[in-house]
Enquirer: 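Dropping a structure here in structure tokens format, bear with me for questions.
Because only heavy atoms are used, hydrogens play no part in the values below, and waters and symmetry mates are left out as well, while side chains stay in.
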Amino acid sequence: MALQRQFLKKALGEAKTKIGGYHFRHRPSLCGSFSTVPSSAAGAGAGADHEASLPLLPPFDYEPKPYSGPRGNEVFQKRKKFLGPSLFHYYQNPLNIVEGKMQYLFDENGRRYLDAFAGIVTVSCGHCHPEVLNAIMEQSKLLQHATTIYLHHAIADFAEALASKMPGNLKVVYFVNSGTEANELAMLMARLYSGSLDMISLRNAYHGGSSNTIGLTALNTWKYPIPQGEIHHVVNPDPYHGIFGSDAKSYAKDVQDHIAYGTSGKVAGFISETIQGVGGAVELAPGYLKLVYDIVRKAGGVCIADEVQTGFGRTGSHYWGFETQGVIPDIVTMAKGIGNGLPLGAVVTTPEIASVLAQKIQFNTFGGNPVCSAGGLAVLRVIDKEKRQVHCADVGSHLLGRLRDLQQRYERSVQS
């Protein structure tokens, strides 16, 4: 991924030369260059000439609604006054996004942007997809909220459809509100089921921002100096930057060593993303998870796959990221793409592991509420109906092909 970033930086440098030496004021923004703006908002003189020189997005048969709400400066000032100082934003002048339609976003001036970020890897069906919107609105008209202490078909229908997407005996679903909550619940299950506390995670991993999942996360940017429990971070099996290259056996031995020398010999579980997202789109060494899952299970632990960013067909080749490694986890966590923007997450596990939560009351007020369940079910249907997984394979292959073209054109640049 670092190599790809180097290629993109060089390509952007060439592009800047070709469009008149324009320099970005803050961070490079691919989508910022590939945008459209009404002629009335483009300005005059040099500014208009510059706009005319930029590449344009293809035509799109949609006109955003006129926006009469507060302008970006006013919104920004309110954020700084009333919201937490930990919030961050892109660009020196943050975009005031007021409307979205499928792959595009629109700002307060009607400028159109390609959302290549998909709402931080969340919008799996496109912004305001009509079928997802319709399911949400129709359910909202009937019943917005009912907890699981009552019956309602939406949560049962959604759970059935989600379970049908899972391999093996992964058939019991718990609905929560985010990926962080999903990983919290998965860690609780692992500890209760195994009778152990020690969790193993990868360096460079991201699994959430709560006090417990911060412990699983291994990127100091996201970690506060608080007690983090019985967490062991093993060497990251990064086939590009890793100390063992693509040698899965050597990385797996590090896991075995941690269990042998850093624990009682028994562990609660192992958690990993199949492709590390926040850590920089890092794939794991081929065959790594199969070796590690065997080691962890022999030590009494369960294996957790964090599919928050890789699930729902995003890899193109498979519906779930863990399938690219030829394994079946004991617990799978998911969020983001599951709801196309709804606050929705889930944990799917086996009946045997799920039974440990029956020792006490496990309850989530909003988990699986009717509106999110109806929307989540619509998302699953749209992904299948519109062959989104095939689309991911096509677009991903095209992108990788173009990156390989750049690889042939440029020497590798090593940063100190």
Enquirer: Do N204 and L219 have side-chain heavy atoms sitting under 4.5 Å apart?
Expert: yes
Enquirer: Checking the side chain of S86 only, and the main-chain atoms of G84 only, is there a donor and an acceptor separated by less than 3.5 Å?
Expert: no
Enquirer: Using side-chain contact (heavy atoms from CB on, under 4.5 Å), reason through H391 and E386 one step at a time and then give a plain yes or no.
Expert: CA-CA 9 Å; H391 181 69; E386 299 185 354; over 6 Å; no
Enquirer: Roughly how far, to the nearest 0.5 Å, is CE of M102 from SG of C128?
Expert: 9.5 Å
Enquirer: Judged by atom type as modelled, is there a donor-acceptor pair below 3.5 Å linking the side chain of D107 to the main-chain atoms of N109?
Expert: yes
Enquirer: Report the distance from atom OG of S201 to atom OH of Y206, rounding to the nearest 0.5 Å.
Expert: 12.5 Å
Enquirer: Taking the side chain from Q139 and the backbone from L143, do they hold a donor-acceptor pair closer than 3.5 Å?
Expert: yes
Enquirer: When you look at CZ of F363, are more than 12 heavy atoms from neighbouring residues, nucleotides or ligands closer to it than 6.0 Å?
Expert: yes
Enquirer: For G72 and N96, work out which heavy atoms get closest and say how close.
Expert: N-ND2, 3.5 Å
Enquirer: For the side chain of Y90 and the backbone of N93, is there at least one donor-acceptor N/O pair under 3.5 Å apart?
Expert: no
Enquirer: Of all the heavy-atom pairs spanning N177 and F366, show the shortest one and how long it is.
Expert: OD1-CB, 3.5 Å
Enquirer: Between F175 and F158, is the ring centroid distance below 6.0 Å?
Expert: yes
Enquirer: Counting only heavy atoms from other residues, nucleotides and ligands, does the tally under 6.0 Å from CG of N73 exceed 12?
Expert: no
Enquirer: How far does OG1 of T213 sit from CH2 of W222, to the nearest 0.5 angstrom?
Expert: 11.5 Å
Enquirer: List the steps and the verdict of side-chain hydrogen bond (donor to acceptor under 3.5 Å, both in side chains) for N169 and T350.
Expert: CA-CA 6 Å; N169 201 30; T350 65; 5.3 Å; no
Enquirer: Any idea which heavy atoms bring A252 and Y288 closest together, and the distance?
Expert: N-CE1, 3.9 Å
Enquirer: Does E99 use its side chain to pair, donor to acceptor, with the backbone of K65 at less than 3.5 Å?
Expert: yes
Enquirer: One thing to verify: whether D330 and R297 come together as a salt bridge, which I'm taking to mean a side-chain N less than 4.0 angstrom from a carboxylate O.
Expert: yes
Enquirer: Does any pair with a residue in residues 144-173 pass salt bridge (charged side-chain N to carboxylate O under 4.0 Å, His left out), and if so which ones, sequence neighbours excluded?
Expert: K165-D384
Enquirer: Enter the distance from Q103:CD to R112:CZ here, rounded to the nearest 0.5 Å.
Expert: 8.0 Å
Enquirer: State whether the number of non-hydrogen atoms from other residues, nucleotides or ligands found under 6.0 Å of Q359 atom CD is greater than 12.
Expert: yes
Enquirer: Rounded to the nearest 0.5 Å, how far apart are CG of D115 and NZ of K101?
Expert: 15.0 Å
Enquirer: Working to the nearest 0.5 Å, report the span between CG of L105 and CD1 of I97.
Expert: 5.0 Å
Enquirer: Which heavy atom of L284 sits nearest a heavy atom of S272, and at what distance?
Expert: CD1-OG, 4.2 Å
Enquirer: Answer yes or no: are there more than 12 heavy-atom neighbours, outside I226 itself, under 6.0 Å from its atom CD1?
Expert: yes
Enquirer: Taking it one step at a time, do C392 and T315 satisfy side-chain contact (heavy atoms from CB on, under 4.5 Å)?
Expert: CA-CA 7 Å; C392 287; T315 65; over 6 Å; no
Enquirer: What's the shortest heavy-atom distance between H207 and N183, and which atoms?
Expert: O-ND2, 2.9 Å
Enquirer: Tell me whether the count of non-hydrogen atoms from other residues, nucleotides or ligands lying under 6.0 Å of CG in N220 goes above 12.
Expert: no
Enquirer: What orientation do H258 and H232 show, parallel under 30°, tilted 30 to 60°, or perpendicular over 60°?
Expert: perpendicular
Enquirer: Can you find a pair of side-chain heavy atoms, one from R388 and one from F312, that are under 4.5 Å apart?
Expert: no
Enquirer: Ring pair (Phe, Tyr, Trp, His ring centres under 6.0 Å) with Y193: which residues, sequence neighbours excluded?
Expert: none
Enquirer: Testing the 3.5 Å rule here: is there a donor-acceptor pair between the side chains of N340 and H129?
Expert: no
Enquirer: I want to check something: taking the side chain as every heavy atom from C-beta on, are T274 and Q325 in contact at a cut-off of under 4.5 Å?
Expert: yes
Enquirer: State whether E131 and K385 are salt-bridged, where the test is any N-O pair (Lys NZ or Arg NE/NH1/NH2 against Asp/Glu carboxylate O) under 4.0 Å.
Expert: yes
Enquirer: Is the shortest distance from a Lys or Arg side-chain nitrogen in R71 or E74 to a carboxylate oxygen in the other one below 4.0 Å?
Expert: no
Enquirer: Go through the steps to decide whether M199 and L216 satisfy the test side-chain contact (heavy atoms from CB on, under 4.5 Å), and finish with yes or no.
Expert: CA-CA 8 Å; M199 290 291 300; L216 296 175; 4.1 Å; yes
Enquirer: Step through the shown structure and confirm whether more than 12 heavy atoms of other residues, nucleotides or ligands are within 6.0 Å of CZ on R79.
Expert: yes
Enquirer: Can a cation-pi geometry be assigned to K290 and Y293, taking NZ or CZ under 6.0 Å from the six-membered ring centre and within 45° of the ring axis?
Expert: no
Enquirer: Search all heavy atoms of C372 against all heavy atoms of P343 and return the closest pair with its distance.
Expert: SG-O, 3.8 Å
Enquirer: Is there side-chain contact between L114 and Y104, with at least one heavy-atom pair below 4.5 Å?
Expert: yes
Enquirer: Would you call the rings of Y62 and F60 parallel, tilted or perpendicular if under 30° counts as parallel and over 60° as perpendicular?
Expert: tilted
Enquirer: Is any side-chain heavy atom of N236 closer than 4.5 Å to one of Q276?
Expert: yes
Enquirer: Is there a side-chain contact between I271 and M187 in this structure, where contact means two heavy atoms from C-beta onward sitting under 4.5 Å apart?
Expert: no
Enquirer: Evaluate I275 against R314 for side-chain contact (heavy atoms from CB on, under 4.5 Å), listing each step before the verdict.
Expert: CA-CA 11 Å; I275 300 173; R314 276 215 171 94; over 6 Å; no
Enquirer: Between E307 and T333 (side chain of the first, backbone of the second, donor and acceptor by atom type, cut-off under 3.5 Å), is there such a pair?
Expert: no
Enquirer: Would you say that more than 12 heavy atoms from the other residues, nucleotides or ligands in this model lie under 6.0 Å from the CG of L87, or not?
Expert: yes
Enquirer: Are side-chain heavy atoms of I338 and V379 found at a separation under 4.5 Å?
Expert: no
Enquirer: Between S164 (side chain) and A161 (backbone), is there a donor-acceptor pair under 3.5 Å?
Expert: yes
Enquirer: For R381, does the CZ atom have more than 12 heavy-atom neighbours from other residues, nucleotides or ligands under 6.0 Å away?
Expert: no
Enquirer: Are any of the side-chain heavy atoms of Q362 and L185 separated by less than 4.5 Å?
Expert: yes
